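All remarks here apply to the structure that follows.
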Number of protein chains: 2
Amino acid sequence: MNPSIKDVAKLADCSTATVSRVLAGKGYISESARKKVEEAVKELGYRPNRVARSLRAQKSRVIGLVLSDIRNPFFSEISRAVEQVAFQHGYNVLICNTDEDSTREEHYLKLLEEEQVAGILLSPTRNRVQKLNTVSTVPLVLFDRKFPKSTLDSVIIDNEAAAHALTRTLIAGGFKRIAGIFGARSYTASARISGFKSAFEGQESFIAGTHQIDAFEEEGNRLTKKLLNDDVPPDAILCSSALLATGAFRAIKEMKLRVPEDIGFACFDDPSWATFVDPPVTVIRQPAQAIGESAAELLMKRIEAPDRPVSEITLQGELIQRASTGGN
Amino acid sequence: MNPSIKDVAKLADCSTATVSRVLAGKGYISESARKKVEEAVKELGYRPNRVARSLRAQKSRVIGLVLSDIRNPFFSEISRAVEQVAFQHGYNVLICNTDEDSTREEHYLKLLEEEQVAGILLSPTRNRVQKLNTVSTVPLVLFDRKFPKSTLDSVIIDNEAAAHALTRTLIAGGFKRIAGIFGARSYTASARISGFKSAFEGQESFIAGTHQIDAFEEEGNRLTKKLLNDDVPPDAILCSSALLATGAFRAIKEMKLRVPEDIGFACFDDPSWATFVDPPVTVIRQPAQAIGESAAELLMKRIEAPDRPVSEITLQGELIQRASTGGN
DNA sequence: CTGAAAGCGCTAACAA
DNA sequence: TTGTTAGCGCTTTCAG
């Protein structure tokens, strides 16, 4: 058994309250007492039991970060930013991965609340608002995705504008039949689809299809092959995430098509390979770090002031034009 | 305030002990009592406080997974496997990201222990065994990396054999001056370096350099550019991880070199882009899923039987030969 | 079959 | 400046 505060008190010949005060560094403590306690702590290798502490305090210095896909570099980037901010405020971050599975999301949300975390950062998998009732008592900030008219803090990018710009780049490159591949039903997907669609207004190009699938690499690969084997295949493809794009770009290469001559290509996120494949890929880079930081800061504020007004922060994606969209 | 077990007991008109028994599903309970309690639970939306439970039980149903780099797909793959196994055994997984920073590693190890997790899975950042004294009381299983002569369970791949095979492929492709880029000091790096070196025995090719750097994309990029700008640059590069490889391959492309004509290339892990870049890259694919599963299973066993003998599981990497190593 | 009571390790009143 | 004490929410003897 690990030593408890009692053991320390016994060794330092004082009460547990004194030990506690020394540890917390508050209240009045004599120099001699402090010294004795510190020695005892060191000698026993004492470390406070956070579970007891949390039970007592009815909260902990831990926040939960619920990611919909840990393999998505966009989310890992965010998690690093979150950790950084949290650390500065004295919080620790525990990460949960839902793999876009709303059952697991619910499970983790419950777990985190039952673990009495101080707050939760979430990129919700689906559009079902009821879910969030399960964590009603815990400060919660949404990032990357939000709900239509929710009363929760959120940090997202202007997905509609970004999708619009990306699609327009493809149109400007001379592509006529553009297929869009988006993640499954979510606020983000809807917004991007709006932007995608609105980009065609008053243009000669048209939509060759708007697809929503699970945002996994293999799904993107499968669908792309299917589309390109159609009787009238699209002449350009837009993917709404790095994972989808990886699968799609692989499909294009597997089918020995040339980009942009045979097929145009553009995607969200800035996959690690986007600059060194042939040709480099036009992308919307999401300010992942800024998103993570803002979300974490918002959560810290919400924890400290649960009744503050709701903030909805919208950041802008950055269009990076490369050769895959032709034109220029 | 969330309802506590007392509230449930009051509403169900029984003692907290009865509620607890119903919840745990053990001990003798009358049908009528069970029903009343279940109704009360539902009505109040009661959810047990895990912190209190853990404090009482002196342990939790949570295991910690400490990753050295959450952005590395190899680790995210592992984390998914770990979660799957853990779930089957009724455990939840909390992920901590150290970014190869041993201070943060230590921090998280302490945190997890203080949070009374049931066990920890760790890919240790550095070779300092003392560190692990800080978690001496918690069941701990190492994966991906281990220590020379430790008394801890571990799951790794045969890094020496894998590096040997990968290097031999490069040599067979006719490359003469091969540079190896490895992650910073770790058991894994050492083993791979051994395999790298031993591959040259009795061969005409020789080592153009054995480099150890932080396993980040930018580092790989920087070093590769530097190497290729040398007076006598290497004619092939071997990278010991996907992240390093991404940076290195990007450097090669940025310098407009042709692979394998100007420079040979091979790496560990199987980056998502390895099949569709020009040319496809020869790799050692690590059985990430198997590693994660084995490690998690080992941990489950260790938790249930703390005194069982130490297991060291070694899996084999798979050589996937593609065009970047020339030959054939 | 059920309830009373103790106690996990810690902190915060309150008293001294 | 320090100690005593109560209690966070839960489970688990031990009696009944």
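In the text below, chain A, chain B and the rest are named by the order of the sequence lines, each starting its count at 1. Just so it is clear, the model here is predicted, and its values are computed rather than measured.
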Describe the nucleic acid contact of Ala24(B) in one word from base, sugar-phosphate, nothing, applying a heavy-atom distance below 4.0 Å.
nothing
Could you report the tightest heavy-atom contact between Ser294(A) and Ile313(A), atom names first, then the distance?
CB-CD1, 4.2 Å
Provide the closest heavy-atom pair for Pro287(B) versus Ile157(B) in the form atom of the first, atom of the second, distance.
CD-CG2, 3.8 Å
In terms of relative ring orientation, are Phe143(A) and Phe75(A) parallel, tilted or perpendicular, with 30° and 60° separating the classes?
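Taking Phe75(A) first and then Phe143(A), their aromatic rings stand perpendicular (interplane angle over 60°).
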If I take atom [atom1] in residue [X] and atom [atom2] in nucleotide [N], what distance separates them, rounded to the nearest angstrom?
X	N	atom1	atom2	result
Lys36(A)	dT1(D)	NZ	C1'	12 Å
Arg47(A)	dC10(C)	CZ	C1'	16 Å
Ile29(B)	dC1(C)	CD1	C1'	9 Å
Asn2(B)	dC10(D)	CG	C1'	15 Å
Ile5(B)	dT12(D)	CD1	C1'	12 Å
Arg50(B)	dC8(C)	CZ	P	23 Å
Gln58(A)	dC10(D)	CD	C1'	12 Å
Gln116(B)	dC10(C)	CD	C1'	12 Å

Is the shortest side-chain N/O distance from Thr18(A) to OP1 or OP2 of dT2(D) below 4.0 Å?
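Looking at the OP1 and OP2 atoms of dT2(D), neither is under 4.0 Å from any side-chain N or O of Thr18(A).
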So, does Tyr28(A) get its side chain near the phosphate of dG3(D), meaning an N or O under 4.0 Å from OP1 or OP2?
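No, Tyr28(A) has no side-chain N/O under 4.0 Å of OP1/OP2 on dG3(D).
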Is Arg104(A) salt-bridged to Glu83(B), cutoff N-O under 4.0 Å?
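Salt bridge present between Arg104(A) and Glu83(B).
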Among [options], the nucleotide that comes nearest once only the side chain of [X] is considered:
X	options	answer
Lys6(B)	dC8(D), dC8(C), dG3(C)	dC8(D)
Ala17(B)	dT2(D), dA5(C), dG9(D)	dA5(C)
Ser15(A)	dA12(C), dT4(D), dC10(C)	dT4(D)

Between the main-chain N or O of Pro124(B) and the side-chain N or O of Arg145(B), is there a donor-acceptor pair closer than 3.5 Å?
yes
In terms of the nearest nucleotide of DNA chain C, which residue is placed more toward the 5' end: Leu55(B) or Ser30(B)?
Ser30(B)
Can you work out whether Gly27(B) or Lys26(A) has the more 5'-proximal nearest nucleotide on DNA chain C?
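Nearest-nucleotide comparison on DNA chain C picks Gly27(B).
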Examine the base of dG3(C) for any acceptor or donor lying under 3.5 Å from a partner atom in the side chain of Arg21(B), and report the outcome as yes or no.
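Looking at the base of dG3(C), it does pair with a donor or acceptor on the side chain of Arg21(B) (distance under 3.5 Å).
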Please compare Thr16(B) and Ala57(A) by the position of their nearest nucleotide in DNA chain D and report the one closer to 5'.
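By nearest-heavy-atom nucleotide position, the 5'-most residue is Ala57(A).
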